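Written below as structure tokens is the structure these notes are about.
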Amino acid sequence: MSWRNTAQDWSTPIKLLHWLLALAVIAMAVMGLVMKYGDFTPVERIRLYTLHKSVGLTILVLALLRLLIRLLDRGRPLLPPMPRWQHLAASFSHVALYVVLIGMPLTGWLYNSASGFPLQWFGQFKVPALVERSAELKALAGGLHFAGLIVLVIVLLMHAGAALQHHFVNRDNVLRSMLPRSRRNRR
Ligand code: HEM
Ligand code: HEM
């Protein structure tokens, strides 16, 4: 268990949050589509929406925590030599993934607020509205929430594709640096 990023590995908190958030965001994207377009009774639909909103707010807090940890520990595993455009593409997609991780919950929260629906976190406490009820803001936030899904799918495919290419084609340390400590590192 390592609390700091090293030249070989991301820190344990970054790894844990990376995979937890990756799973949660993918599950939430599927859930968003299923709950909106699936065939459910009104009660079932309300339950699904309520769960979607609570998990989404949890993602917002964890994503902000991850960003904070990342900003506090600026070290990072060494990257293998690669063309400049690949560096730029990686940096761009990492920023885009942080924007999606934080932007999806915020636009969902904005949509909910502008719709005038009350919001609770797993039935434990009330979450305040971000804005007053407004049809224009509701339409804008709904559009942005959907646009976020498109950005997520495109950037995630690029990101996961690049990680797999590093691992299986280039056979370097990039994917291993985000996995539980590799055997190479334990030796
Ligand atoms: C990472 C977090 C989130 C992801 C990936 C996500 C994803 C999605 C997706 C894919 C849809 C279907 C969009 C469409 O077809 O228009 C959706 C709908 C929705 N989401 Fe989220 N969402 C997230 C967080 C939230 C949060 C935090 C809230 C509210 C507090 C929220 C509220 C809603 C609502 C109310 C809808 C239904 C919109 C409608 O009926 O038109 N979402 N979400
Ligand atoms: C929705 C899902 C995902 C999100 C939101 C996400 C997000 C991120 C972010 C923001 C970073 C940048 C770390 C930083 O500099 O702070 C990162 C790094 C990384 N991710 Fe993901 N990721 C996702 C899925 C995946 C998947 C499926 C894989 C593998 C197939 C993967 C492999 C990696 C690797 C290897 C790194 C380290 C890259 C490096 O050292 O430059 N990620 N991820």
Side-chain angles (χ1 to χ4, degrees), residues 1-32 51-80 82 86-114 119-122 124-125 127-131 137 140-164 166-167 173-181:
M1 164 122 191
S2 164
W3 289 100
R4 308 282 307 198
N5 297 329
T6 68
Q8 285 81 37
D9 262 308
W10 289 99
S11 67
T12 306
I14 286 279
K15 287 182 190 175
L16 281 175
L17 284 170
H18 177 272
W19 293 112
L20 181 67
L21 285 169
L23 269 181
V25 167
I26 294 168
M28 283 284 287
V30 174
M31 180 184 198
L51 181 63
H52 180 84
K53 294 174 195 177
S54 294
V55 176
L57 291 172
T58 313
I59 290 178
L60 176 61
V61 174
L62 292 179
L64 289 172
L65 175 68
R66 171 161 176 204
L67 190 57
L68 180 70
I69 296 177
R70 182 71 179 93
L71 294 175
L72 288 176
D73 184 359
R74 303 304 291 265
R76 52 152 300 136
L78 291 175
L79 284 171
M82 61 175 93
Q86 277 187 17
H87 256 295
L88 288 175
S91 305
F92 167 80
S93 52
H94 291 167
V95 171
L97 286 166
Y98 275 115
V99 170
V100 169
L101 277 175
I102 293 166
M104 281 305 271
L106 280 182
T107 52
W109 188 358
L110 188 63
Y111 177 90
N112 198 77
S113 311
L119 185 58
Q120 291 208 354
W121 186 77
F122 292 107
Q124 297 302 306
F125 56 83
V127 178
L130 290 175
V131 291
L137 269 181
L140 175 68
L144 287 174
H145 205 57
F146 185 71
L149 171 71
I150 308 294
V151 174
L152 170 67
V153 171
I154 294 172
V155 181
L156 177 61
L157 287 176
M158 280 171 54
H159 178 69
L164 295 176
H166 276 289
H167 195 69
N173 193 38
V174 170
L175 180 57
R176 242 174 271 137
S177 69
M178 195 48 100
L179 295 176
R181 196 165 284 206

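We're numbering straight along the sequence, starting at 1. Everything numeric here is computed off the predicted structure, so don't read it as measured data.
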Note to self: Rounded to the nearest 0.5 Å, what separates atom NZ in K15 from atom CE in M1?
What the structure shows: 10.5 Å
Margin query: For the backbone of S2 and the side chain of T12, can you confirm whether one donor and one acceptor N or O come within less than 3.5 Å of each other?
Written below: yes
Checklist line | Check: W10 and R70 side chains under 4.5 Å, non-hydrogen atoms | finding: yes
Notebook entry, point to check: Is the backbone of G75 close enough, under 3.5 Å, to the side chain of N5 for a donor and an acceptor to pair up by distance?
Noted result: yes
Margin query: For R66 versus M178, what's the shortest heavy-atom pair and its separation?
Written below: NH2-CE, 4.5 Å
Notebook entry, point to check: Going through the distances and angles, do M28 and M104 end up as a side chain to side chain contact (heavy atoms under 4.5 Å, CB included)?
Noted result: CA-CA 10 Å; M28 283 284 287; M104 281 305 271; over 6 Å; no
Note to self: Measuring only between side-chain heavy atoms, which start at C-beta, is L65 closer than 4.5 Å to V61?
What the structure shows: no
Note to self: Go through it in stages, so that I can follow the logic: the residues are F146 and T107, the test is side chain to side chain contact (heavy atoms under 4.5 Å, CB included), and I'd like the CA-CA distance, side-chain angles, deciding distance and then a yes or no.
What the structure shows: CA-CA 9 Å; F146 185 71; T107 52; over 6 Å; no
Check: How long is the span from the CG atom in L64 to the CD1 atom in I69, to the nearest 0.5 Å?
Finding: 11.5 Å
Checklist line | Exam field: side chain H145 to backbone G108, donor-acceptor pair closer than 3.5 Å | finding: yes
Notebook entry, point to check: Rounded to the nearest 0.5 Å, what separation is found between the CG atom of D73 and the CD1 atom of I14?
Noted result: 7.5 Å
Check: Is any side-chain heavy atom of V155 less than 4.5 Å from a side-chain heavy atom of V100?
Finding: no
Check: Do L106 and L110 have side-chain heavy atoms sitting under 4.5 Å apart?
Finding: no
Check: Between CG of N173 and NE2 of H167, what distance do you get to the nearest 0.5 Å?
Finding: 9.5 Å
Notebook entry, point to check: So which heavy atom on A29 is nearest to which on L149, and how close?
Noted result: CB-CD1, 3.8 Å
Next item on the list: Might you work through the side chain to side chain contact (heavy atoms under 4.5 Å, CB included) test for L57 and L119, ending with a clear yes or no?
Entry: CA-CA 10 Å; L57 291 172; L119 185 58; 4.0 Å; yes
Check: Any donor and acceptor pair, going by atom type alone, linking the side chain of W109 with main-chain N or O of P128 inside 3.5 Å?
Finding: yes
Next item on the list: Classify the angle between the aromatic ring planes of H18 and H159 as parallel (below 30°), tilted (30 to 60°) or perpendicular (above 60°).
Entry: tilted
Next item on the list: Answer yes or no: is there a side-chain heavy-atom contact under 4.5 Å between L144 and Y111?
Entry: no
Checklist line | Inter-residue atom distance L97.CG - H94.NE2, 0.5 Å rounding | finding: 7.0 Å
Checklist line | Donor-acceptor contact present, side-chain Q124 to main-chain F122, <3.5 Å | finding: yes
Next item on the list: Nearest 0.5 Å please: distance from the CD1 atom of I102 over to the CG atom of L62.
Entry: 11.5 Å
Checklist line | By ring pair (Phe, Tyr, Trp, His ring centres under 6.0 Å) - contacts of W19 (at least two apart) | finding: none
Margin query: With a 3.5 Å distance limit and no angle check, can you tell me whether D9 reaches the backbone of R181 through a side-chain donor-acceptor pair?
Written below: no
Check: Has the side chain of S54 got a donor or acceptor atom that lies under 3.5 Å from a matching backbone atom of L51?
Finding: no
Next item on the list: Kindly give the heavy-atom pair with the smallest separation between P105 and G56, and that separation in Å.
Entry: CB-O, 3.5 Å
Next item on the list: Grab the two heavy atoms, one from L130 and one from S113, that are nearest each other, plus how far apart they are.
Entry: N-OG, 3.0 Å
